[in-house]
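The structure appears right after this line, and notes come after that.
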Amino acid sequence: MPRLSLHPLRREWMRALILLQAVMLLVLMMSAPMSAPAWAAAPSGANASPLVVLVPQDLRHQNLQNSLQVYRENGKRLEPSAVAALPDARFQAVNGGNLGISEDALWLRVHLFRSAQSPEQLVLQLGRPVWREAQAYLLPADLAQASGERPAGIGQLDALHSRYTAYAFQPPEGPSTLLLRVAQYGALTPEFHLWNAGAFRQYAVDDALLQGLFYGMVAALLIYNAFLFLSTHDRAYFAYILWQSATLFYMLAISGVGQHQLWPDTLVWNSIGLVGGLPLMCAGGLYFIRAYLLLPRHAPRTDLSLQIVQWLAITLAVAVLLPNSEWLLVPAQLIAAASLVLIAWAAAVRWQQRFMPAIILLLSLFPLLIVGFANIGRTLGWLPETFLTSDALQWVLVFLALVLTYGLSVRVAQLRERATRLQDLLLKDPLTGLLNRNGLFDSGQRQLDRTQDSQAFAAVLWLDLDGLKRINDQFGHAAGDALIQATSARLREAFGPDAVCARLGGDEFAVVLPNLPSPRLAEDLARHALERLRAPYALSGREFRASGSIGVALYPSHAQTLEELLRLADVAMYRAKALGRDTYVVWEPDMEADVQTSLFQFTRPARS
């Protein structure tokens with residue numbers, strides 16, 4: 001089969017897409033060094049006059065980023081009392097939207113001032129839902145204490161029941177200080193928010209509804225495709241279920257639903273989900289894409305590349321179970337970047353082969369590429385915390401899952417259409433569209449079985465077209481082929497839609513007439529067919545005349561198998577030729593001795 005080529009414009013679009021992906025990855029890798037947090041260059045003493053957050057009377061929501069002070073532990077765990085006693089000059093200002101990846105915990109301090117008219121109950125919300133460690137303390141009294149002594153009034157805040165790390169507290173009237181110790185999986189982004197407690201409750205309700213919508217859609221897609229897998233046994237649906245299950249686990253981890261709602265007392269699942277869930281999701285996605293695009297059959301080299309990265313991702317996900325595996329976060333992000341590029345490449349390869357599901361995948365990949373690389377950049381400390389770099393990922397993934405569910409249906413339809421064409425090549429005569437020998441034995445035997453179940457009658461007719469050799473010799477084989485096609489159309493009309501009509505080669509045809517109320521109906525139909533064949537044929541501007549000779553064998557009186565009925569009908573057809581052609585003859589036992597039979601093999605074809 002010749003290889004299909006793309007239109008030049010489409011080829012240029014494909015090259016541009018691949019180049020865009022490479023440029024995006026290069027820009028993200030070179031945009032900033034991971035080891036240099038944005039606040040590290042802030043001069044000592046930059047906060048000699050610390051900013052104080054004034055709690056407004058009409059407070060609803062306020063970002064504290066510009067008022068944060070940061071202090072790094074540098075390998076030694078500090079007590080909150082020791083950090084509280086540090087002067088402001090020891091803290092650094094937050095200068096930028098991402099503090100980078102750090103193995104050490106960071107201390108953050110915020111000075112508040114609440115007037116008598118300001119809300120009494122406030123909520124401190126940490127921007128990222130999931131933290132490796134997070135503790136918050138309220139210091140309502142003056143911090144001018146001796147170093148090493150516990151400042152008066154320091155107390156750890158109680159966490160709220162929310163998918164976010166959030167703390168409710170009631171600051172005293174006047175000055176107070178919030179102190180936080182945080183450690184993050186990946187880069188730490190200084191997104192800390194101060195809420196009016198009532199406004200936060202409404203925000204939490206709205207957020208819970210959105211999360212419920214997301215997980216409900218994922219669960220519905222899983223159930224829907226599970227039923228399709230059970231009914232079709234298509235490996236692509238099984239791969240889809242594995243991919244979406246891994247995606248569900250990873251999204252439960254990074255969205256905070258897992259840590260705060262499902263496993264609040266089993267923190268080891270956070271490390272497994274946040275570090276190992278990503279390569280596990282990538283492995284499931286690569287496995288699905290290989291099955292979805294039929295890569296092992298149609299693009300084996302591309303499939304090998306995806307398979308290598310898939311097993312690397314599985315190995316990385318398993319390695320997360322080992323102790324002290326937090327360092328695997330960066331390799332996991334690189335695996336995710338490689339998976340995105342390879343999936344886009346595989347879709348482009350199959351697009352070039354005009355595989356429609358690949359085009360659907362390629363068009364839906366644009367938002368995933370943008371959001372996926374943005375999320376990688378935020379995790380590695382290159383991009384700030386925004387909706388695009390964090391929460392947008394789950395909605396893009398559910399959009400992709402919806403589109404690929406549609407793509408799977410298109411894929412199944414395309415494969416069925418291809419299977420139907422192959423089936424037609426195996427069972428049908430290419431010249432006339434009637435069944436061939438394989439199709440005759442397949443469909444004809446089924447009709448005989450149904451006739452037996454209904455205790456009715458059936459007949460097998462063998463027809464030889466008279467005069468075809470003469471037309472071939474005088475007018476050429478093109479005229480003969482046209483005559484055969486016209487004869488096939490007339491036989492369909494003469495015997496009706498329930499008959500099984502087949503061309504067995506040359507000028508020979510066979511017809512199975514099932515569920516006849518009387519054997520006499522077979523003779524009536526044979527006479528009707530002969531009348532239809534006698535009518536003139538207008539082909540290529542000429543008029544042709546032809547006739548036929550028909551032999552009839554009856555079921556069950558003459559024989560009960562299709563093979564034997566065909567043989568007896570062939571014997572009767574040669575008796576009709578001997579009687580002068582253009583007639584039909586019903587088989588009788590005395591015809592066996594002196595009648596010639598055709599070279600047709602009266603046995604069922606072997607199945608390949």
Side-chain angles (χ1 to χ4, degrees), residues 231-232 416 419-420 423-424 426-429 432-465 487-505 508-533 548-576 583-592 597-598 600-608:
S231 61
T232 63
R416 284 180 178 173
T420 301
Q423 190 77 357
D424 288 345
L426 290 174
L427 300 180
K428 290 189 176 182
D429 173 55
T432 63
L434 298 180
L435 296 175
N436 57 18
R437 180 169 174 257
N438 291 321
L440 171 65
F441 277 94
D442 186 60
S443 298
Q445 188 60 56
R446 284 202 307 269
Q447 293 293 350
L448 287 181
D449 293 339
R450 291 171 183 170
T451 301
Q452 183 180 16
D453 294 339
S454 62
Q455 298 182 345
F457 300 94
V460 172
L461 280 62
W462 192 287
L463 184 147
D464 186 86
L465 186 62
T487 300
S488 301
R490 292 187 181 185
L491 290 178
R492 285 197 192 97
E493 296 173 359
F495 293 113
D498 294 334
V500 177
C501 299
R503 178 182 176 231
L504 304 178
E508 293 183 313
F509 299 84
V511 180
V512 178
L513 301 174
N515 295 314
L516 299 177
S518 169
R520 299 291 301 176
L521 183 57
E523 298 184 43
D524 295 339
L525 290 173
R527 283 193 294 270
H528 177 63
L530 290 175
E531 292 175 0
R532 294 283 295 149
L533 294 178
S549 301
I550 299 177
V552 181
L554 302 176
Y555 171 90
S557 57
H558 293 164
Q560 297 187 4
T561 65
L562 180 59
E563 292 88 341
E564 184 65 10
L565 287 168
L566 286 169
R567 190 186 71 81
L568 299 181
D570 179 63
V571 170
M573 185 272 295
Y574 275 99
R575 172 60 65 89
T583 187
Y584 75 92
V585 170
V586 179
W587 179 86
E588 294 180 0
D590 60 356
M591 298 178 184
E592 293 284 354
T597 61
S598 72
F600 182 77
Q601 298 295 317
F602 298 102
T603 56
R604 182 182 297 274
R607 293 186 179 274
S608 57

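Treat the numbers as computed from the prediction; the structure is a model and nothing was measured. We number each residue from 1, following the sequence as shown.
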Exactly one of Val512, Val460, Leu434 clears side-chain contact (heavy atoms from CB on, under 4.5 Å) with Leu440, and that residue is Val512
Pair Glu493 + Arg490, salt bridge at N-O below 4.0 Å: no
Please find the pair of heavy atoms, one from [X] and one from [Y], that lie closest to each other, and give the distance.
X	Y	value
Val552	Ala526	CG2-CB, 4.4 Å
Ala522	Ala459	CB-CB, 3.5 Å
Gln447	Pro514	OE1-CG, 3.5 Å
Glu564	Ala559	CG-CB, 3.4 Å
Ala553	Leu565	CB-O, 3.4 Å
Ala458	Leu448	CB-CD2, 3.8 Å

- Task: Decide side-chain contact (heavy atoms from CB on, under 4.5 Å) for Ser557 and Phe457; before the verdict, give the C-alpha distance in whole Å, the side-chain angles of both, and the deciding distance to 0.1 Å.
- Result: CA-CA 9 Å; Ser557 57; Phe457 300 94; over 6 Å; no
Residues at least two apart in sequence or cross-chain that pass side-chain hydrogen bond (donor to acceptor under 3.5 Å, both in side chains) with Asp429, listed by chain then number, are Thr432, Arg503
Rounded to the nearest 0.5 Å, what separation is found between the [atom1] atom of [X] and the [atom2] atom of [Y]?
X	Y	atom1	atom2	result
Leu465	Phe509	CG	CZ	6.0 Å
Leu568	Leu554	CG	CG	10.0 Å
Leu504	Asp570	CG	CG	9.5 Å
Trp587	Arg567	CH2	CZ	7.5 Å

For a side-chain contact (heavy atoms from CB on, under 4.5 Å) check, start with the C-alpha distance between Arg575 and Glu588, then their side-chain angles and the critical distance, and finish with the verdict. CA-CA 10 Å; Arg575 172 60 65 89; Glu588 294 180 0; over 6 Å; no
Side chain to side chain, Trp462 and Leu566, heavy atoms closer than 4.5 Å:
yes
Looking at residues at least two apart in the chain, or sitting in another chain, which of them share a salt bridge (charged side-chain N to carboxylate O under 4.0 Å, His left out) with [X]?
X	answer
Glu531	none
Arg446	Asp442
Asp524	Arg527

* **Chi angles and distances behind the side-chain contact (heavy atoms from CB on, under 4.5 Å) call for Leu463, Val511** => CA-CA 8 Å; Leu463 184 147; Val511 180; 5.9 Å; no
By side-chain contact (heavy atoms from CB on, under 4.5 Å), Leu525 pairs with (sequence neighbours left out) Phe495, Leu513, Leu521
Those residues at least two apart in sequence (or on a different chain) that pass side-chain contact (heavy atoms from CB on, under 4.5 Å) with Ala576 are Ser549, Thr583, Val585
